[in-house]
Amino acid sequence: MDYNKQIDEKWQNFWDKEGIFNTDTKDTKNKYYCLVMFPYPSAALHVGHARNYVIGDAVSRYKRTKGLNVLSPMGFDAFGLPAENAAIKGGLHPKTSTLDNIATMKQQLTQWGIGYDWNREVISCLPEYYKWTQWIFTKLYEKGLAYKKRAAVNWCPKCLTVLANEQVINGACERCESKVIERDLSQWFFKITAYAQTLLDDIQELTHWPERVKTMQINWIGRSTGVNIDFKVDDEETILACYTTRVDTIFGVTYMVLAPEHPAIPGLIKNNPDACIIQAFIEKVRIQDKTERAAENIEKEGIFSGRYVINPVNGKKVPLWIANYVLMEYGTGAVMAVPAHDSRDFAFAKKYGLDIEVVIDNPKERLDALSMQTAYIEDGVMVNSAQFDGLGNREAMEKIADWMQEKKIGKRAVHFRLRDWLISRQRYWGAPIPIIYCDKCGEVAVAEKDLPVLLPENVAFKPTGQSPLKDSEAFIKTRCPKCGKEAQRETDTMDTFVDSSWYFLRYISPKETEKPFDGHLVDKWLPVDQYIGGVEHAILHLLYSRFITKVLYDLKYVSFKEPFGALFTQGMIVKNGAKMSKSKGNTVAPDYIIDKYGADVMRLYILFMGPPEKDAEWQDEGLQGSARFIQRALRMVDMLKEYRQSSETGELNSHEKDLVRKIHSTIKEVTLDLEGDFQFNTAISRIMELVNQTYKCLNETSLRQSIFKEAVDTVFLLLSPFTPHISEEVNEALGNKGSILKRAWPRFNEEYIKTDTVEIAVLVNGKVRDKLIINVNWSKEEIQKKALACEKVKNFLKNTPPKKIIYVDKRMVNIVV
RNA sequence: GCGGACGUGGCGGAAUUGGCAGACGCGCAUGGCUUAGGACCAUGUCUCGUAAGAGAUGGGAGUUCAACUCUCCCCGUCCGCACCA
């Protein structure tokens, strides 16, 4: 039997015709929701993408043969910058180019033998989908979780749109890597910060999520606990609130610093003769772009404000400074500076000759403020801190916080790093934000019956820095839903991540026209049993989806708090040590592989190349190995057909017994590999061993046909999640009717795996000296005696009795001399 | 700086969780079969050594009868966050 393209096509047509992958979601018994992150339809897929779908398909097929009712849907994250940019480049309308790309990708996925329920396809740029994205917006709006505010936001000068915090990587745009600049703009936000604590707490429940993803989310949410302290400005009523996590150092405050953007500054400096010098400094800092300001070793710069503030714990008057190292976005934008115990404050104090006061002493060596070379940030003993002197600083931290709360000069507080999610975009290819502005009624959300707000198709969609919808009078002009007067539509579109933050709910009832999803069925099918995708979504998509799910939970649309039960993040496929990308020119196109070797060879190699969660280096030679293995396995089928050998009766010979044992132990181990953490690479290697051993048997002995057949059958059943086309073909050749997916996953019999004899190692002082074949029924004493009788052991013993003998059951004997 | 993952042959990677290091595959070598072979089959392939043996899982110490696995200290790679108060 030869593997060729016809076999691929034959079975792909068969699966399609039989509707093998179509799932009835009304049948919720034994449900298994296997979900692979849906792709952007922007470019041709390479083998790196393929890994994602091949893993998902292997899982879905395996679960099917285990008898589960598997739902495996696919769709396209079709709105957004990548699709729009691709369209502009190709001179096409985004809708045309996106739908074209989708068609190509579907064809690719089909060619690879990836089985999806295409009846459930979800395309986020079509009105029947984005109607409900807009609906979700209005639900958040009703709850006050969607709001518009003027704020300093991240602006990408190349994409000509604002970006969410999560889309800014090292101060640069996630997509085009241009440096992001700060602009004050009025924008729409989702109040994800209202869910910061829940998003953090519930991470604990995600027991089947990779540790690194959870850690990344924890860091991103960035919870810290401390104390809010009000510092009064001297000779004035102005109060400056600051936040500290180190309230134990409060007695060591020698100055206070404000971020240049701090709103209190204009009032504080207005009577200062140096006001214009201070103003010039502030301007200078503000025009620095974010990258520069956040750069690692940027020189700390500051200026004295001319004012003083009072430390509420001791009434001490300390100078108020303005400096570039304080950020307005975090805490209150005001920092109490303790140079003795904070390295940033220390560097700043040294530069500007500010006081340094030690309040936590090093128990090993007394600190001296004048001679210190670095800040002392470790734990120690309280000094110069009034009644708290002598305490350990950890203990003092709690005591001071309590004392300050009691005296009402401080308040315990929790801060998060997480910012609200900026969702407006000044680009064309997205779902319009369903808001209407009326001169009389103000901001009004579009009513559900008026959704969707259709994205007009005949507009010049090139990015200009303003939403292209602003030019479409037909779009903008509308009537106020409340008073009926003429009104204008919001022209910004939504971030694509809004579209993808709920698509997994839509798959359950994708044809629904009266509601976004069938709540009853969604409650049965969700959370997703297995979610599979790239780690690049660790924060963005996964955090947003968790947030939207929690909102829908609070609004009682769903009854679960977390959308994804188990998450698997596969590693990248790299070539020449680098991530595959068109610009580097190191992509490997699956089409050519499919042509030359067939889908199963590509699938097998992708799964065999290494643990799926780790990055793996692509080597073309590896494909040869997979192709060779498949041909070698298929040759057994031909041999079996012509096989006329020995009798079927009588005692099994030892090779036959060994082969039966191997068949059953292979089933056992492959099953364990798949039930565990998707160890496809080791599963495949075990199947290879079974093939090797079968050949060995055929060469060395007369093998009865029934056992040979069982070996062949088992090999292709076990391979079926990985190489479905040839498995189907062999299944048919062996006389079975229908799809191999309808056959049960093979079972193993523990009885057949048992052996009478086993080879163990004989060690002397922990080193292997000899091997010994033992009968498993022998007693420990018997085995030890045999081990001592080994020639090599005798040489080491030299007639002296051994000090100690350790026997590990069916593994080894260690003799200590 | 903080947090996470990791370091095993020429290469991709195994190792039942403390019990025979290098499974399986690639590559390479030798032989066979072939008009030919980048096909196939067989055998071999950690290092040193003719051998007995000795040494090997980034480096160093420790625990143990026994360490790739556990503990401590270094070195290095990758990822995330980062003037976060």
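None of these values were measured; they are calculated from a predicted model. Order of the sequence lines fixes the chain letters, A, B, ..., with proteins taken first and strands second; residue numbering starts at 1 for each chain.
- When the C1' atom is compared between B/rG7 and B/rG58, the two are found 6 Å apart, to the nearest whole Å.
- Taking only side-chain nitrogens and oxygens, A/Tyr243 never comes nearer than 4.0 Å to OP1 or OP2 of B/rA85.
- Counted by atom type alone, A/Glu301 and A/Tyr325 present zero donor-acceptor pairs between their side chains at under 3.5 Å.
- The nearest whole Å value for the distance from the CD atom in A/Gln631 to the C1' atom in B/rC41 is 15 Å.
- Closest approach to the A/Leu327 side chain among B/rC26, B/rC11, B/rC84 is made by B/rC84 (side chain taken as heavy atoms from C-beta onward).
- Residues A/Tyr752 and A/Phe748 keep their aromatic ring centres 6.0 Å or farther apart.
- A/Asp342 comes within 4.0 angstrom of no nucleic acid atom, judged by non-hydrogen atoms across all strands.
- Side-chain contact of A/Gln217 with A/Trp209: a donor-acceptor pair under 3.5 Å is absent, judged by distance alone.
- At a cut-off of 3.5 Å, with distance as the only test, no side-chain donor of A/Asn775 or A/Thr757 sits close to an acceptor on the other residue.
- Listed nucleotides: B/rC84, B/rC41, B/rG25. Nearest to the side chain of A/Met688: B/rG25.
- Using a 4.0 Å heavy-atom distance criterion, A/Arg344 is classed as a base contact.
- In this pair, A/Phe680 and A/Phe722 present their aromatic rings perpendicular. The plane angle is above 60°, beyond the 30 to 60° band.
- Glycosidic conformation, B/rG9: syn, with the torsion inside 90° of 0.
- As judged by a 4.0 angstrom heavy-atom cut-off over every strand, A/Val768 is placed among residues touching the sugar-phosphate backbone only.
- Using atom P as the reference point in both B/rA29 and B/rA39, the two lie 13 Å apart (nearest Å).
- Residue A/Phe629 contributes atom CZ, which lies 22 Å from atom P of B/rG12 at whole-angstrom precision.
- Contact check, A/Arg769 against B/rA54: a side-chain N or O comes under 4.0 Å of OP1 or OP2.
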For the pair A/Met336 and A/Ile229, evaluate side-chain contact (heavy atoms from CB on, under 4.5 Å) and give the outcome as yes or no after the intermediate values. CA-CA 9 Å; A/Met336 58 175 232; A/Ile229 304 163; 4.0 Å; yes
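- Between A/Asn324 and B/rC83, a side-chain N or O to OP1/OP2 separation shorter than 4.0 Å is absent.
- Using a 4.0 Å heavy-atom distance criterion, A/Asn681 is classed as a sugar-phosphate-only contact.
- Between B/rA15 and B/rU69, the two P atoms lie 15 Å apart (nearest whole Å).
- Across the P atoms, B/rA67 and B/rA54 are found 15 Å apart, a figure rounded to whole Å.
- Secondary-structure annotation of RNA chain B gives the stems B:1-7 with B:75-81, B:10-12 with B:24-26, B:27-32 with B:40-45, B:46-48 with B:53-55, B:58-62 with B:70-74, with a stem taken as at least 3 successive Watson-Crick or G-U pairs whose two distances both fall under 3.5 Å.
- Straight-line distance from the CD1 atom of A/Ile630 to the C1' atom of B/rC24: 15 Å, rounded to whole Å.
- In this structure, A/Gln624 reaches neither bases nor backbone, as no heavy-atom distance under 4.0 Å exists between it and the strands shown.
- Heavy atoms of A/Pro210 sit nowhere under 4.0 angstrom from any nucleic acid atom.
- Among the heavy atoms of the strands, none lies under 4.0 Å from A/Arg686.
- Considering only the side chain of A/Arg628, B/rC26 comes nearest among B/rC26, B/rG19, B/rA15.
- Using atom C1' as the reference point in both B/rU64 and B/rC68, the two lie 16 Å apart (nearest Å).
- You'll find that the side chain of A/Asn699 is closest to B/rA42, out of B/rC65, B/rA42, B/rG12.
- Following rounding to the nearest Å, A/Tyr605 (OH) and B/rG27 (P) show an atom-to-atom distance of 11 Å.
- Classification of B/rU34 as anti follows from a glycosidic angle more than 90° from 0.
- Nucleotides B/rG9 and B/rA56, compared at atom P, are 15 Å apart to the nearest Å.
- Environment of NZ in A/Lys785: sparse, with no more than 12 heavy atoms of neighbouring residues, nucleotides or ligands closer than 6.0 Å.
- Taking atom C1' in both B/rG22 and B/rU57, one finds a spacing of 9 Å when rounded to whole Å.
- The residue A/Glu617 sits apart from the nucleic acid: no heavy atom pair falls under 4.0 Å.
- For the P atom pair drawn from B/rA52 and B/rU16, the interatomic distance equals 30 Å after rounding to whole Å.
- As judged by a 4.0 angstrom heavy-atom cut-off over every strand, A/Glu211 is placed among residues making no nucleic acid contact.
- Checked against B/rA82, B/rC24, B/rC65, the side chain of A/Glu689 finds its nearest nucleotide in B/rC24.
- Phosphate contact (OP1/OP2 of B/rG3, side-chain N/O of A/Arg212, threshold under 4.0 Å): absent.
- Among the nucleotides B/rC83, B/rC11, B/rA85, the one closest to the side chain of A/Val335 is B/rA85.
- Put simply, the side chain of A/Lys614 and the base of B/rC6 share no donor and acceptor less than 3.5 Å apart.
- A/Glu669 has no carboxylate O lying under 4.0 Å from a charged side-chain N of A/Lys662, or vice versa, which leaves the two without a salt bridge.
- At a threshold of 4.0 angstrom between heavy atoms, the contacts of A/Lys803 with the nucleic acid are absent.
- For the pair A/Arg212 and A/Glu613, the salt-bridge criterion is not met [side-chain N within less than 4.0 Å of a carboxylate O].
- Checked by atom type, the side-chain pair A/Ser224/A/Tyr243 shows a donor-acceptor distance below 3.5 Å.
- Ring pair A/Trp421/A/Phe497: centre-to-centre distance not below 6.0 Å.
- Following rounding to the nearest Å, A/Tyr597 (OH) and B/rA39 (C1') show an atom-to-atom distance of 13 Å.
- Looking at which nucleotide of RNA chain B each of A/Asn814 and A/Asn692 is closest to, the 5′-most match is held by A/Asn692.
- The cationic group of A/Arg417 does not satisfy the cation-pi geometry with A/Tyr330, failing either the under 6.0 Å distance to the six-membered ring centre or the 45° limit from the ring axis.
- Among the atoms of the strands shown, base atoms are found under 4.0 Å from some heavy atom of A/Met812.
- Between the side chain of A/Lys300 and the base of B/rC83 there is at least one donor-acceptor pair of N/O atoms closer than 3.5 Å.
- Residue contacts for A/Arg419: at a heavy-atom cut-off of 4.0 Å it reaches no nucleic acid atom on any strand shown.
- Distance from the side chain of A/Arg811 is smallest to B/rG19 among B/rG19, B/rG12, B/rG80.
- Between A/Tyr605 and A/Tyr597, the ring center distance fails the sub-6.0 Å criterion.
- OP1 or OP2 of B/rC41 has at least one side-chain nitrogen or oxygen of A/Arg635 nearer than 4.0 Å.
- In terms of position on RNA chain B, the residue among A/Lys810 and A/Ile815 whose nearest nucleotide sits closer to the 5' end is A/Lys810.
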Quick one: side chains of residues 801-817 of chain A, donor-acceptor pairs under 3.5 Å with protein atoms, not counting sequence neighbours, listed by atom name and distance.
from: A/Tyr807; atom 1: OH; to: A/Lys810; atom 2: N; distance (Å): 3.1
from: A/Asn814; atom 1: OD1; to: A/Gly766; atom 2: N; distance (Å): 3.0

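- Interface residues of residues 217-228 of chain A facing RNA chain B, ordered by number: A/Asn219, A/Trp220; criterion, heavy-atom separation under 4.0 Å.
- Nearest nucleotide to the A/Pro611 side chain, out of B/rG80, B/rA85, B/rA14: B/rA14.
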